[in-house]
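For clarity, every value in this text was computed on a predicted model and none was experimentally measured. Letters A, B, ... mirror the listed sequences (proteins, then strands); counts begin at 1.
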There are 2 protein chains.
Amino acid sequence: MKHLPHKTIERLSQYRRALLLCLEKGKTHIYSHEIAKIQHITAVQVRRDLMLIGYTGTLRKGYNVKELIDLIGNIIDSEEGINVTIIGMGNLGRALINYFAGKRSKLRIVAGFDTNPDKIGNTMSGVPCHSIEQLKEVVAAEDIKVGIMTVPADYAVDTAELLVKAGIKGILNYTPKPVNVPEGVYLEEYDMITSLEKVAFYVKLQETD
Amino acid sequence: MKHLPHKTIERLSQYRRALLLCLEKGKTHIYSHEIAKIQHITAVQVRRDLMLIGYTGTLRKGYNVKELIDLIGNIIDSEEGINVTIIGMGNLGRALINYFAGKRSKLRIVAGFDTNPDKIGNTMSGVPCHSIEQLKEVVAAEDIKVGIMTVPADYAVDTAELLVKAGIKGILNYTPKPVNVPEGVYLEEYDMITSLEKVAFYVKLQETD
DNA sequence: GTAAAAGTGTTAAAAATTTAACATTGTTAA
DNA sequence: TTAACAATGTTAAATTTTTAACACTTTTAC
């Protein structure tokens with residue numbers, strides 16, 4: 001398979017999540033327009049994405065939920081799984097851990113880090129909290145590839161640097177401060193304020209129409 | 001001004017955040033390539049966005065930080081400001097409140113809601129926590145326009161419905177479960193699992209190159 | 001048993017977004 | 001004072017992403 005569009009990757013992850021819920025409900029097949037409705041997109045787009053990954057459904061029956069879940073897994077998961085760490089065990093860090101607990105077998109949050117001595121040494125929802133001093137050792141020992149940053153904004157830049165030095169290959173930055181990473185490290189940034197401002201903007205726009 | 005591209009709106013919010021930091025540092029002017037570097041985009045894109053909002057910098061001097069901040073504010077903020085509520089005062093809800101505290105004068109988190117009796121009646125970082133039963137009354141009384149959903153996934157659909165019935169005009173859904181809203185309500189959904197899966201995917205991809 | 005309906009899969013067109021190209025103009029330096 | 005430089009502003013091209021169009025096939029209804 002050639003490379004999939006950026007947006008398709010995101011949607012595949014979302015399709016899988018929707019499919020897992022369907023599976024729980026005992027649904028064995030699903031139509032493109034059903035997936036589309038859940039995700040607020042069009043059925044064409046769903047079919048096109050599935051075409052891109054080479055999955056073919058059954059005419060008039062739709063797609064086999066289980067098969068499709070497995071196929072998406074083959075594409076986006078890595079076979080051995082990936083170990084993840086959370087830097088910053090504040091509210092957001094803990095929210096992520098709870099959110100995640102046992103959700104994806106191929107993505108394991110295996111360690112957390114903080115600077116607060118009261119937290120260090122404890123375990124939160126099954127995730128041990130280490131001192132940030134230990135970052136490099138733990139990352140190496142646990143073969144951690146991805147780091148999620150949930151530290152206060154003022155520590156963002158330094159934390160990113162530490163992560164890179166520790167050998168992390170991907171960073172998900174939830175602080176409101178953009179950071180820089182060298183070539184070879186994948187960086188994804190998300191800022192909650194921007195999302196909220198966007199919602200507020202479109203609400204305002206709707207009112208003034 | 002005609003309508004701005006979706007993506008430009010997002011970037012304007014981000015530019016402003018970067019500019020506010022520059023202002024704090026005492027910087028009065030900034031070049032397009034400096035903004036670009038911070039946001040990991042190209043200078044052309046910055047200039048193009050600013051062109052779209054009709055801002056014109058000084059040749060060889062760059063853009064006036066303060067002016068630009070104000071102009072972006074005129075565009076994305078609403079004059080009177082918008083009141084916001086958070087539904088679900090768990091870790092994520094509290095993280096957002098702290099994150100936000102006093103950051104944007106035009107976006108005010110004026111109320112939180114929960115079902116847990118231990119939380120109801122308390123104030124967290126200056127935000128009072130009400131019972132979800134009171135949603136409609138409080139939304140009306142406080143003129144709340146936007147709701148942020150940080151409830152457990154199982155309550156997502158019901159919560160969205162409550163918000164819509166209460167007269168909310170925009171929803172930011174942080175639960176992993178997509179919800180539906182009627183015409184006239186702006187919906188933005190963000191799923192942290194998808195972001196993490198995306199990072200993991202590109203890390204895997206880089207390794208197998 | 002045949003026509004209509006309801007799906008899928010795919011190619012082509014359209015729309016949105018990003019990037020390139022370049023004209024323009026203050027500023028600096030010889 | 002004039003040439004080189006370094007920035008902006010804008011039009012045009014390229015790329016990415018979405019949507020439309022439609023051929024095809026199984027099922028359903030009569």
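Annotation: salt bridge (charged side-chain N to carboxylate O under 4.0 Å, His left out) contacts involving residues 132-154 of chain B, sequence neighbours excluded, comprise E207(A)-K145(B). Sorted by first and then second residue, the salt bridge (charged side-chain N to carboxylate O under 4.0 Å, His left out) pairs involving residues 175-193 of chain A (not counting sequence neighbours) are E188(A)-K198(B), D191(A)-R17(B). Each salt bridge (charged side-chain N to carboxylate O under 4.0 Å, His left out) pair with one or both residues in residues 65-75 of chain A, not counting sequence neighbours, appears once here: K66(A)-D70(A).
For H33(A), the ring-ring contact (aromatic ring centres under 6.0 Å, His included) partners at least two apart in sequence or on another chain are Y31(A). Under the ring-ring contact (aromatic ring centres under 6.0 Å, His included) criterion, Y15(A) pairs with no residue, sequence neighbours left out. Judged as a ring-ring contact (aromatic ring centres under 6.0 Å, His included), and not counting sequence neighbours, H29(A) has no contacts. By the ring-ring contact (aromatic ring centres under 6.0 Å, His included) test, Y99(A) is found to be paired with no residue, residues two or more places apart in sequence or in another chain being considered.
dT18(C) atom C1' lies 17 Å from atom NE2 of H6(B), rounded to whole Å. Atom CD in E67(B) sits about 14 Å away from atom P in dT8(D), given to the nearest Å. When rounded to the nearest whole Å, the span between CD1 of I41(B) and C1' of dT18(C) equals 10 Å. Distance, L12(A) CG to dT17(D) C1': 15 Å, rounded to whole Å. Whole-Å rounding puts the N64(B) CG to dA7(D) C1' distance at 16 Å. Whole-Å rounding puts the L52(A) CG to dT11(C) P distance at 11 Å. In this structure, L4(A) atom CG and dT16(D) atom P are separated by 14 Å, rounded to whole Å. At whole-Å resolution of the value, CG in D49(B) and C1' in dG9(D) are 13 Å apart.
With DNA chain C read from its 5' end, the first of the two nearest nucleotides for Y63(A) and R48(A) is the one closest to Y63(A). For the pair T56(B) and R11(A), nearest-nucleotide mapping onto DNA chain D gives the more 5' position to T56(B).
Remark: the T58(B) side chain and the Y63(B) side chain contain no N/O donor-acceptor pair separated by less than 3.5 Å.
No donor-acceptor distance shorter than 3.5 angstrom exists from the side chain of R16(A) to the backbone of I69(A), with no hydrogens or angles considered.
Across residues 25-36 of chain B, not one residue has a non-hydrogen atom less than 4.0 Å from an atom of DNA chain C.
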Quiz item: With the sugar-phosphate defined as primed atoms, P, OP1 and OP2, and the base as all remaining atoms, what B/S/- string results for nucleotides 21-30 of chain C, 5' to 3', for protein heavy atoms under 4.0 Å?
Solution: ----BBSS--
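Checking dT17(D), dT18(C), dT10(C) against every side-chain atom of Q45(B), the shortest atom distance belongs to dT18(C).
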